[in-house]
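Throughout, a chain's letter reflects where its sequence line sits, starting with A, and its residues are numbered from 1.
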Amino acid sequence: MPELPEVEVVRRGLERWISGRVVSGVDVLHPRAVRRHLAGGADFAAGLKGHRIGLAQRRGKYLWLPLADSPAAVLAHLGMSGQLLVQPADAPDEKHLRIRVRFDDAQGTELRFVDQRTFGGLSLHGTAPDGLPEVIAHIARDPLDPAFDEEAFHQGLRRSRSTIKRALLNQSLISGVGNIYADEALWRARLHYERPTATFTRPRTTELLGHVRDVMNAALAVGGTSFDSLYVNVNGESGYFDRSLDAYGREDEPCRRCGTPMRRRPWMNRSSYFCPRCQRPPRPVKARA
DNA sequence: AGTCATTCCTGCGTGC
DNA sequence: TGCACGCAGGAATGAC
């Protein structure tokens, strides 16, 4: 949150408004926003200046802008509250403006990284021959990627002694899924979040992945999920999928399938929302002697 | 090796 | 009115 659909909305905006332009200068206004660029803000700015931006790419919740003329890319993660905005250069600075990227053309707009909670950031990294920034080589392909390896995901579930929601949030197993879409997909699949992954059959895995893809595609179709002004596209506009959520944030409201009041449980320093009737907890595992 | 708790951050809502 | 606190949570990190 922003999760895959929200990040993809941003990627499309960058592709339309930023790709092809040449950077004339970068202002780093907060060091924490470039903390993943270990050489520091000045190095980040110098590394971008004069370069042409290629086609915006995404894997899971990461997105990047390749430099058209070198094997490097500006990697972006929005974290909890990060925004990439294309704004008129004369628009007043946002309160939480962290990084400004100016361009060497007459379009009159600049790229702004705005981030209230500063969990996100930008950094510059070398890219592998396939274009992937080296530092995210461990991030699995996401379920909307045609090359997503469903069999590898299933085998990962079978091998693990973990539970299904942890697995869905494990970005090295499957990327792009966060707390919201995990709860939504599990509700659609009628699966409790603590079901052991080792119990999954191949059809069960396929069915769950289908729900993950369905809910993400549905969100994408309406511009993503926004609870407030924090989650916006490059033009600062919110999506509408929050109106379509069936599980997340619906504590005490009736399950849209069976009418049973939905529940919220503290889980891994966050919350899990589920229907106690449609999503029965797994049988306790018998202790081994 | 694999799993899991901890940590970073700010604004908002709530209770006293 | 104001203060303290809990909560929102992605992913790197270190502990076990």
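Note that A/Arg256 lies outside the cation-pi zone of A/Trp187, set by a 6.0 Å cut-off to the ring centre and a 45° limit from the axis.
The 5' end of DNA chain B is approached more closely, in terms of each residue's nearest nucleotide, by A/Arg35 than by the other of A/His96 and A/Arg35.
A/Asp115 comes within 4.0 angstrom of nothing in the nucleic acid, heavy atoms only.
Residue A/Gln116 places its side chain closer to B/dT10 than to any other of B/dT10, C/dA8, B/dC9. With distances taken from any side-chain atom of A/Arg32 to the nucleotides C/dA8, B/dC8, B/dT7, the minimum falls on B/dC8.
Of all heavy-atom pairs spanning A/Asp145 and A/Ala147, the tightest one is OD1-N, 2.8 Å.
For A/Ser162 (side chain) and A/Ala167 (main-chain N/O), no donor-acceptor pair under 3.5 Å exists by modelled atom type.
Rounded to an integer number of Å, the gap from OH of A/Tyr273 to C1' of C/dA8 is 9 Å. Across the protein-nucleic acid pair, A/Met80 atom CE and B/dT7 atom C1' stand 14 Å apart, rounded to whole Å. Spacing between atom CD of A/Glu251 and atom C1' of C/dA8 amounts to 14 Å, rounded to whole angstrom units. Put simply, CG on A/Leu173 is 16 Å from P on C/dG10, counting in whole angstrom units. Between A/Met268 atom CE and B/dT6 atom P the separation is 11 Å, expressed in whole Å. With rounding to whole Å, A/Phe119 atom CZ is found 9 Å from B/dT10 atom P. Regarding A/Lys165, its NZ atom lies at a distance of 16 Å from the C1' atom of B/dC4, rounded to whole Å. Distance CH2 (A/Trp267) to P (C/dA8): 13 Å, rounded to an integer number of Å.
Using a 4.0 Å cut-off between a side-chain N of Lys or Arg and a carboxylate O of Asp or Glu, A/Glu184 and A/Arg188 do not qualify as a salt bridge. For A/Asp142 and A/Lys61, the salt-bridge test fails: no basic side-chain N is under 4.0 Å from an acidic carboxylate O. A/Asp27 and A/Arg102 are joined by a salt bridge, as a carboxylate oxygen and a charged side-chain nitrogen come within less than 4.0 angstrom of each other.
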>> Under the criterion side chain to side chain donor-acceptor pair (under 3.5 Å), I'd like the reasoning laid out for A/Glu150 against A/Thr206: C-alpha separation, chi angles, the key distance, then a yes or no.
In response: CA-CA 8 Å; A/Glu150 188 167 322; A/Thr206 301; 2.9 Å; yes
>> One pair to check against side chain to side chain donor-acceptor pair (under 3.5 Å): A/Gln83 and A/Glu94. What are the steps and the verdict?
In response: CA-CA 11 Å; A/Gln83 305 173 345; A/Glu94 292 76 7; over 6 Å; no
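Using cut-offs of 30° and 60° for the angle between ring planes, the A/Phe44 and A/His37 rings count as perpendicular.
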Dump the pairs, protein N or O against N or O of nucleotides 1-3 of chain B, anything under 3.5 Å, distances to one decimal.
{"from": "B/dT3", "atom 1": "OP1", "to": "A/Ser160", "atom 2": "OG", "distance (Å)": "3.3"}
{"from": "B/dT3", "atom 1": "OP1", "to": "A/Arg161", "atom 2": "N", "distance (Å)": "2.8"}

Protein-nucleotides 11-14 of chain C N/O pairs closer than 3.5 Å?
{"from": "C/dA11", "atom 1": "OP1", "to": "A/His77", "atom 2": "NE2", "distance (Å)": "2.3"}
{"from": "C/dA11", "atom 1": "OP2", "to": "A/Lys61", "atom 2": "NZ", "distance (Å)": "3.1"}
{"from": "C/dA12", "atom 1": "OP1", "to": "A/Tyr62", "atom 2": "OH", "distance (Å)": "2.8"}
{"from": "C/dA12", "atom 1": "OP2", "to": "A/His138", "atom 2": "NE2", "distance (Å)": "3.4"}

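Proximity of A/Lys95 to the phosphate of B/dG11: a side-chain N or O atom is located under 4.0 Å from OP1 or OP2.
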